[in-house]
Amino acid sequence: MNVKRETTAKPAVMDTLEISEHQATVGHCFSDNAKMTMRNVNVFYGEKQAIFDVNVDIAKNEVIAMIGPSGCGKSTFLRSLNRMNDTVEGCRVEGDVRMDGEDLYAPKLDVVELRARVGMVFQKPNPFPKTIYDNVAYGPKIHGLADTRVDLDEIVENSLRKASLWEEVKERLHQSGTGLSGGQQQRLCIARAIAVSPEVILMDEPCSALDPIATAKIEELIEELSENFTIAIVTHSMQQAARVSHRTAYFHLGRLIEVNPTEQVFTMPEHDLTEAYITGRFG
Amino acid sequence: MNNSMTNLEKIRKSLSRRNRAEGLFRWAGRVAIFLGLMAVVVLFVDIIGKGHGAFRIAYIELDIDYDPEKIGIENLSDPQQLAGADWQALPKAALNKQFPGITSRGDKRSLYGLISNGAGYDLKDRLMANPLLLGDQERVWILTDDDIDTYYKSWLAGEPYAARLSDKQVEWIAELHEHGKIRLQFNANFFTRGDSREPEQAGIRGALVGSLFTLALTLIFSFPVGVAAAIYLEEFAPKNGWTDFIEVNINNLAAVPSIIFGLLGLAIFINFFHVPRSVPIVGGLVLTLMTLPTIIISSRAAIKSVPPSIREAALGMGASKYQMVLHHVLPLAMPGMLTGAIIGMAQALGESAPLLMIGMVAFIVDIPGGFSDPATVLPVQIFLWADSPERAFIEKTSAAIMVLLSFLIVMNASAVWLRKRLERRW
Ligand SMILES: Nc1ncnc2c1ncn2[C@@H]1O[C@H](COP(=O)(O)OP(=O)(O)OP(=O)(O)O)[C@@H](O)[C@H]1O
Ligand SMILES: [Mg+2]
């Protein structure tokens, strides 16, 4: 059965490109070394379905980029990986989402523990209106990761170093985190996320509010972080996806169209919709 | 373009019209602020003009002879003797000495009417504080009767009001004045004593302490409950018909006339739970009912204004909902909540109607020592004094209003200070 669409309002390319409801995602969706797996995942906001039947694996220590036109469900997809969708009134997730084989939507699973294992960095830098130190120390504190003040100091320093922010802020750890520049704030948020040593880090357009220099710093950082963490990043910049990710997933109107190694997606995409998007025919 | 006017000309033309409108608007604003300020100034000038006199009161200087025989006491530590003693005899004897040769009963009554009938007890206090005075003599400034005080003040101001004085009394006062034996002194009694039927002995302390106790209880009851209710409704309650219903009713509650809360308090706390009447506990409970909606509504607004990004950040870090609220939402919302609480407290401080219903309008002389002692509050005291026939209570009423307003100003100032401090923490 075909999705009903009004042809007149769409760009010409849409006439020729059809999305079938049962059409499987093309490319390399699955992995032998999967950290997270999603099977037949559907997400609804009330009556409205935002994600249709997504099947994909995220491999250990890979960086996977999500691209696609605005409103296609990238954020929704990302937020279903750490159950941040729970906080949205009326949002419902169906299907099977697992991390290391463990069902993330099982009734007995504790989201607090899940979110300690799957960290998140948001589109807009959102440091707490507290000191830089307290921002980074917050996660370890609530999860009881540091036994002594010395341990905590060490975690804070290491996290800030990994987020390549230490040199810039070591003199003013006890000043407000909101007094930093936008790029510094975003790196602070990354430091905050990695302070609890999560296994997976989700990033939703982490550079969209930053200038090119700050963006370059964060991209460099993502590359370094990928040695220790599994990273899923949503981005609107195809160059960024090309620079930082190993695999790229293309979403369209709530469907996962194609997942392939990044190089392939940007040189010879398998699906016509992907090609249309990366060549700038719509988006 | 075919039009005779270019776009630029059109814009210029509309510009002058817009500027005129803006100027008019600014003027309207200034006039409004001026009127508001004038109202405040008139209020203050009137109240201070009427009330400042109450802070000074007339005293007469007399030679007191602590003659044990006259008082009828030998041993100051014998409670029975103390109870039977005639303390007023001391100033009376001194008056006789000051104005010798007065024999007729009417004149004597006039003479003794110069001083407050509490003057003897003031002397007793002096004697008890310094027992060595017994049998000795001392020159003391003695408190005058309120009619004398009123007359003396009006006489000093050049408009003597002698309606309640005898001709003799007028003469005596003139004589005392000539010898510098009558003068206005700071009225310490006003700040250290409770209410009294005698205006010269009446003080604001009882009502002030009563207000403090009542407000403290109101704050203790209403702030935690209000904040907890607001947090629950905003953060935890499911959004359904029930919560809508509750929300509507909280708003309704805020609009209920305060006297109804008084009736409710009478029915529930006094008649059902048998809390004693006239005490700060029941006053605090009634005012809690009244301030709760205000606190809940302003706390909810404060919680709503916390940016969602902070909540997401906290939840994303693995904070539980409770931790998110406690660590992030509450500190950020606290200044707004405090503002709401202070507005509620200020309303409660000025409220008298519901307290009349629960007996806090009683005439209470003793200064309350705790939450369960009978007490009255400042606005009720103002009401009581304003209702009294004695002329001296007019200035006392205005003075009490000044105390109430100062209380309010102190409260608001401390709220502003507290808010500044809380905001500076980050
Ligand atoms: N809280 C919500 N309530 C209802 N619908 C929502 C909500 N959040 C998102 N949606 C809808 O779900 C669909 C997917 O949204 P999503 O935010 O995942 O898109 P996105 O790909 O992240 O877009 P963008 O690139 O603009 O961030 C959109 O149609 C959006 O309108
Ligand atoms: Mg998004």
Side-chain angles (χ1 to χ4, degrees), chain A residues 75 78-79 81-90 110-132 134-145 174-179 185 188-189 191-198 201-204 209, chain B residues 227 230-248 299-339 418-426:
Chain A
S75 300
L78 201 67
R79 292 162 62 94
L81 290 172
N82 69 343
R83 291 186 55 179
M84 277 304 276
N85 281 332
D86 290 14
T87 64
V88 177
E89 191 85 17
D110 193 338
V111 288
V112 167
E113 186 199 309
L114 169 64
R115 290 185 194 143
R117 294 173 66 192
V118 183
M120 187 154 193
V121 176
F122 298 84
Q123 175 168 1
K124 222 180 101 219
N126 57 354
F128 298 128
K130 298 178 188 289
T131 65
I132 293 170
D134 285 340
N135 262 283
V136 183
Y138 184 68
K141 266 190 203 158
I142 59 171
H143 296 300
L145 301 185
H174 295 284
Q175 288 174 21
S176 172
T178 49
Q185 285 188 20
L188 178 61
C189 291
R192 181 176 68 187
I194 59 185
V196 293
S197 316
I201 302 176
L202 311 175
M203 298 184 173
D204 193 349
Chain B
V227 167
I231 289 173
Y232 179 75
L233 286 173
E234 276 307 313
E235 302 284 348
F236 295 98
K239 302 270 174 288
N240 58 25
W242 271 109
T243 39
D244 286 348
F245 178 76
I246 290 172
E247 173 154 8
V248 167
S299 296
R300 289 185 69 174
I303 292 170
K304 271 202 193 106
S305 71
V306 173
S309 63
I310 299 293
R311 294 163 204 271
E312 289 214 308
L315 292 176
M317 285 306 301
S320 64
K321 212 158 182 188
Y322 164 77
Q323 285 172 321
M324 172 193 86
V325 170
L326 201 69
H327 299 160
H328 303 286
V329 175
L330 214 50
L332 286 173
M334 197 41 91
M337 291 175 166
L338 278 178
T339 310
L418 206 65
R419 231 165 58 200
K420 284 262 155 61
R421 254 189 64 114
L422 282 175
E423 275 169 355
R424 231 186 296 136
R425 275 224 326 255
W426 320 298

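Throughout, a chain's letter reflects where its sequence line sits, starting with A, and its residues are numbered from 1.
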Proximity breakdown for A/R83 and chain B, heavy-atom pairs closer than 4.5 Å = neither
What pair of heavy atoms forms the shortest contact from B/I310 to A/P127, and how long is it?
-> CD1-O, 3.6 Å
Side chain, backbone, both or neither: which part of A/V196 has a non-hydrogen atom closer than 4.5 Å to chain B?
-> side chain
Among A/E113, A/M120, A/R79, A/R117, which has the most heavy-atom pairs under 4.5 Å with chain B?
-> A/R79
So which part of B/K321 gets closer than 4.5 Å to some heavy atom of chain A, the side chain, the backbone, both or neither?
-> neither
When heavy-atom pairs shorter than 4.5 Å are enumerated against chain A, which of B/Q323, B/H328, B/R311 gives the highest number?
-> B/H328
Could you look at A/P125 and say if it's the side chain, the backbone, both or neither that has a heavy atom under 4.5 Å from chain B?
-> neither
Smallest heavy-atom separation, A/M84 atom then B/E312 atom, equals CE-O, 3.5 Å
Looking only at B/A313, B/S309, B/A314, B/G316, the option with the highest number of non-hydrogen pairs under 4.5 Å against chain A is B/A313
With a cut-off of 6.0 Å (strictly less than), are more than 12 heavy atoms of other residues, nucleotides or ligands near NZ of A/K141?
-> yes
Determine, stepwise, if the pair A/H143 / B/M317 fulfils side-chain contact (heavy atoms from CB on, under 4.5 Å).
-> CA-CA 9 Å; A/H143 296 300; B/M317 285 306 301; 5.6 Å; no
In terms of heavy-atom contacts, A/P129 and B/L332 come closest through CG-CD2, 3.6 Å
Greater than 12 external heavy atoms within 6.0 Å of B/F236's CZ | yes
Can you tell which part of A/E89 gets under 4.5 Å to a heavy atom of chain B, answering side chain, backbone, both or neither?
-> side chain
Distance flag, aromatic centroids of A/Y138 and B/H327, threshold under 6.0 Å = yes
